[in-house]
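Note sheet for the following structure.
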Amino acid sequence: MSAAKPRICVLISGNGSNLQAMIDAVEGGQLNAEIVAVISNRPGVFGLERAEKAGIPAHCLDHKDYPVRDEFDAKLQSLIDSVKPDAVVLAGFMRILTAEFVEHFSGKLLNIHPSLLPKFKGLNTHQRAIDNGDSEHGVSVHFVTPELDGGPVIIQSRVPVFEDDAASDLAERVQEQERRIYPLVLQWFVAGRLTMKDNKAVLDDHILPPQGYASE
Ligand SMILES: Nc1nc2c(c(=O)[nH]1)N[C@@H](CN(C=O)c1ccc(C(=O)N[C@@H](CCC(=O)O)C(=O)O)cc1)CN2
Ligand SMILES: NCC(=O)N[C@@H]1O[C@H](COP(=O)([O-])[O-])[C@@H](O)[C@H]1O
């Protein structure tokens, strides 16, 4: 009998391009895990269709049904616990999570953020980089902590910003890197090579620098 694979629960809010990269990596053998559930806080998003097409249980927990943030997070936590994940992966998930929720999943809660953290925490990162006149931008994968986008960075990938870039152009360039690095990080995690210790990201027993592992 084959050993059970590490279990990943993915949280989304929209298109699901990062989810699709994970699905493709599982199906292609680059990610040795099982995506056991996809949960969206918004109904009718394409990411839910991607999950259903891949035969993955897809759930919508509409945050609009829970005006109180703590109640939404408690319901979300209970749903996630029911699938017994080894990793909880935020992939375009657009809700700020309460400290209680984050602590409950501490050390196995990851996020991908479309900026070179600590620059541009929060939203609208591509337009902010353009407005700031930056010549370089990128993406960070990090462990999630209660501080919004403040968790220890695991890896970053950089892209150029061109003078005639619109935010959509830059987003496309960044998302090409996202699709490359997130499955890689998840494989590190499910293989037991990546952990969070004392609010630091540790890969193969080496504490990673603030910018994380330097991706080519
Ligand atoms: N406690 C934490 N929660 C979350 C983190 C985190 O690091 N700590 N990462 C974010 C992901 N994220 C950026 O990568 C992010 C998501 C959402 C928001 C935000 O302002 N959300 C608003 C609603 C916005 C909307 O619905 O369009 C809100 O929750 O009120 C900022 C950054 C995930 N959560
Ligand atoms: N603050 C979180 C955030 O902005 N996440 C960003 O949402 C986009 C859509 O993701 P998706 O195509 O995987 O749904 C991605 O670029 C991701 O970095």
Side-chain angles (χ1 to χ4, degrees), residues 8-25 35 38-51 54 58 60-73 76-77 80 88-129 137-159 167-183 185-186 196 199 201 212:
I8 296 176
C9 178
V10 182
L11 305 189
I12 65 170
S13 296
N15 178 37
S17 68
N18 279 283
L19 167 65
Q20 190 62 58
M22 297 168 201
I23 291 169
D24 294 347
I35 301 172
V38 171
I39 305 170
S40 173
N41 68 299
R42 293 174 182 163
V45 295
F46 189 53
L48 290 172
E49 290 182 39
R50 294 181 193 267
C60 176
L61 194 64
D62 191 339
H63 69 272
K64 290 192 169 73
D65 295 338
Y66 301 86
V68 177
R69 193 178 294 269
D70 287 6
E71 289 175 9
F72 172 77
D73 281 21
L76 180 62
Q77 178 180 314
I80 294 169
V88 182
V89 177
L90 308 184
F93 184 71
M94 300 305 287
R95 295 296 294 174
I96 297 172
L97 295 160
T98 58
E100 187 174 358
F101 178 99
V102 172
E103 297 301 346
H104 181 77
F105 293 110
S106 181
K108 61 178 177 180
L109 187 58
L110 298 104
N111 181 52
I112 192 160
H113 179 77
S115 81
L116 296 173
L117 291 171
K119 289 192 83 170
F120 309 128
K121 295 178 181 180
L123 300 173
N124 304 315
T125 62
H126 308 306
Q127 192 57 56
R128 289 159 66 191
H137 187 46
V139 54
S140 306
V141 179
H142 64 96
F143 283 104
V144 176
T145 61
E147 180 195 347
L148 183 62
D149 301 330
V153 173
I154 298 161
I155 191 170
Q156 291 185 326
S157 186
R158 295 163 186 278
V159 299
S168 56
D169 302 315
L170 193 48
E172 191 176 326
R173 201 170 302 131
V174 165
Q175 288 175 12
E176 196 177 321
Q177 293 305 310
E178 294 181 352
R179 293 191 285 270
R180 184 174 65 83
I181 67 174
Y182 218 178
V185 169
L186 295 182
M196 183 173 76
N199 208 39

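Counting starts at 1 for both ligands and their atoms, in listed order.
Look at G151 and you'll find every heavy atom at least 4.0 Å from all atoms of ligand 1. Ligand 1 lies out of reach of T98, whose nearest heavy atom is not under 4.0 Å from it.
For atom 8 (N) of ligand 1, the closest heavy atom belonging to the protein is T145 O, 2.9 Å. The protein heavy atom nearest to atom 3 (N) of ligand 1 is L97 N, 3.0 Å. Ranking protein heavy atoms by distance to atom 29 (O) of ligand 1, first place goes to I96 N, 2.8 Å. Atom 20 (O) of ligand 1 has L123 CD1, 3.5 Å as its closest protein atom, hydrogens excluded (heavy atom only). In terms of protein heavy-atom proximity, atom 28 (C) of ligand 1 is nearest to R69 NH2, 3.6 Å.
At distances below 3.5 Å, not a single donor-acceptor pair connects side-chain atoms of T98 with backbone N or O atoms of D70. No donor-acceptor pair under 3.5 Å is formed between the side chain of Q177 and the backbone N or O of R158.
Ring-plane geometry between F72 and H63 is classed as perpendicular, the angle between the planes exceeding 60 degrees on a 0 to 90 degree scale with a lower cut at 30.
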Quick one: table the atom pairs, ligand 2 N or O against protein N or O, below 3.5 Å, distance rounded to 0.1 Å.
from, atom 1, to, atom 2, distance (Å)
ligand 2, 12 (O), S17, N, 2.9
ligand 2, 12 (O), S17, OG, 2.6
ligand 2, 13 (O), S17, N, 3.3
ligand 2, 13 (O), N18, N, 2.9
ligand 2, 13 (O), N18, ND2, 3.1
ligand 2, 14 (O), G16, N, 2.9
ligand 2, 16 (O), Q175, NE2, 3.2
ligand 2, 16 (O), E178, OE1, 3.1
ligand 2, 16 (O), E178, OE2, 2.9
ligand 2, 18 (O), E178, OE2, 2.6

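For a threshold of 3.5 Å applied to N or O pairs, the pair formed by L90 and ligand 1 contains no separation below that value. By the 3.5 Å distance cut-off applied to N or O atoms, M94 is counted among the residues near ligand 1. For the pair V102 and ligand 1, the shortest N or O to N or O distance does not fall below 3.5 Å. For ligand 1, none of its N or O atoms has an N or O atom of H142 under 3.5 Å away.
In summary, the atoms of ligand 1 found under 4.0 Å from a heavy atom of F93, numbered by their order in the structure, are 11 (C), 16 (C), 33 (C). Proximity to L148 (heavy-atom distance under 4.0 Å) selects the following atoms of ligand 1: 4 (C), 5 (C), 6 (C), 7 (O), 8 (N), 9 (N), 10 (C), 31 (C), 32 (C). Interface atoms of ligand 1 facing P146, defined by a heavy-atom separation under 4.0 Å, are 1 (N). Taking every non-hydrogen atom of D149 and a distance limit under 4.0 Å, the qualifying atoms of ligand 1 come out as 6 (C), 7 (O), 9 (N), 10 (C), 11 (C), 12 (N), 13 (C), 14 (O), 32 (C).
With a heavy-atom cut-off of 4.0 Å, N111 touches ligand 1 through its side chain alone. Contacts of A99 with ligand 1, taken as heavy-atom pairs under 4.0 Å, are absent altogether. Counting heavy atoms closer than 4.0 Å to ligand 1, residue R42 contributes side-chain atoms (C-beta onward) but none from N, CA, C or O. The part of E147 lying near ligand 1 is the backbone, judged by heavy-atom distances below 4.0 Å.
Residues passing the salt bridge (Lys or Arg N to Asp or Glu O under 4.0 Å) test with R173 are D165, sequence neighbours excluded.
Annotation: E103, atom CD; neighbour count of heavy atoms from other residues, nucleotides and ligands within 6.0 Å is above 12.
Q77 and D73 share no donor-acceptor pair across their side chains, judged by distance under 3.5 Å alone.
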